[in-house]
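Here is the structure we will look at.
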Amino acid sequence: MAKRMLAGMVFFGLACSLAACGTGSGQNAESVDNGNSSYESVEGMQIKMAADTAEVIITLNDSKAAADLVSMLPLELTLIERNEFAKGMTLPRSLDTQEETTRSYEIGDFGYWAAGPDLAIFYDDIYEQTIVPVIPMGKAETGAEDMRNTSGTVTLELVENNE
């Protein structure tokens, strides 16, 4: 339990101390009304996360946070090690947070931690859950484990032909 608490505190401290830059561009998507407000769905769209030593394709879900992220792409962000189970990336601005959060995760999960504001890709399942609540935004079916030994910067961009 103490190990999990320490992991969460380190995650929080690193998230608060690092920042990154990026540029954004608009994308076309289907309009959805989930009862709160209308937004452009990006469910099924894919983004490529590319670093010098790894490339991961992430399929996005139908969250407002994922749609908000797509509107910011492409981005170049600095990778942050998260206690040997995830890589974090600090966004230049916060995403929409009108979503359910979870502390559960699996290898390949891609999520958003609003307090950062940080993205996370989980490459190992050494903990039962995260210490901080995360908004699920999508999943990498393969390749997330390759992020373990990756450092430096990562580019996030929309995969144009993902069908």
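Residues meeting the side chain to side chain donor-acceptor pair (under 3.5 Å) test with Ser63, sequence neighbours left out: Asn61. Residues satisfying the side chain to side chain donor-acceptor pair (under 3.5 Å) criterion with Tyr123, sequence neighbours excluded, are Glu81. Residues satisfying the ring-ring contact (aromatic ring centres under 6.0 Å, His included) test with Phe110, not counting sequence neighbours, are none.
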Result block: side-chain N/O donor-acceptor pairs under 3.5 angstrom for residues 135-147, not counting sequence neighbours:
residue, atom, partner, partner atom, Å
Lys139, NZ, Glu106, OE1, 3.4
Lys139, NZ, Ile107, O, 2.8
Lys139, NZ, Asp109, OD1, 3.3

Please set out all donor-acceptor pairs under 3.5 angstrom arising from side-chain atoms of residues 48-56, sequence neighbours excluded.
residue, atom, partner, partner atom, Å
Lys48, NZ, Glu157, OE2, 3.2
Thr53, OG1, Thr150, OG1, 3.1

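Side-chain contact between Arg82 and Thr130 is absent, with no heavy-atom pair separated by less than 4.5 Å. When side chains are defined from C-beta on, Met89 counts as touching Ile121, because their heavy atoms get closer than 4.5 Å.
No side-chain donor-acceptor contact under 3.5 Å links Tyr105 to the backbone of Phe122. Using a distance-only test at 3.5 Å, with no hydrogens or angles considered, no donor-acceptor pair links the side chain of Asp96 to the main chain of Asp68.
Atom CD of Gln46 sits about 9.0 Å away from atom CG of Leu158, to the nearest 0.5 Å. Separating the OG1 atom in Thr153 from the CG atom in Leu79 is a distance of 7.5 Å, to the nearest 0.5 Å. With rounding to the nearest 0.5 Å, the separation of CE in Met45 from CG in Asp62 is 11.0 Å. Between the CG atom of Leu60 and the CD1 atom of Ile47 there is a distance of 5.0 Å, given to the nearest 0.5 Å.
Of all the heavy atoms in Tyr127 and Asn83, the pair that sits closest is OH-O, 3.4 Å. Taking all atoms of both residues into account, the shortest heavy-atom contact from Val42 to Ala67 is CG2-N, 3.6 Å. Looking at every heavy atom in both residues, Leu75 comes nearest to Leu91 through CD1-CD2, 3.7 Å. Considering every non-hydrogen atom in both Ala114 and Thr97, the closest pair reads CB-CG2, 3.5 Å. Residues Leu95 and Leu69 come closest through the heavy atom pair CD2-N, 3.7 Å. Considering all non-hydrogen atoms of both residues, Glu84 and Arg148 come closest at O-NH1, 4.3 Å.
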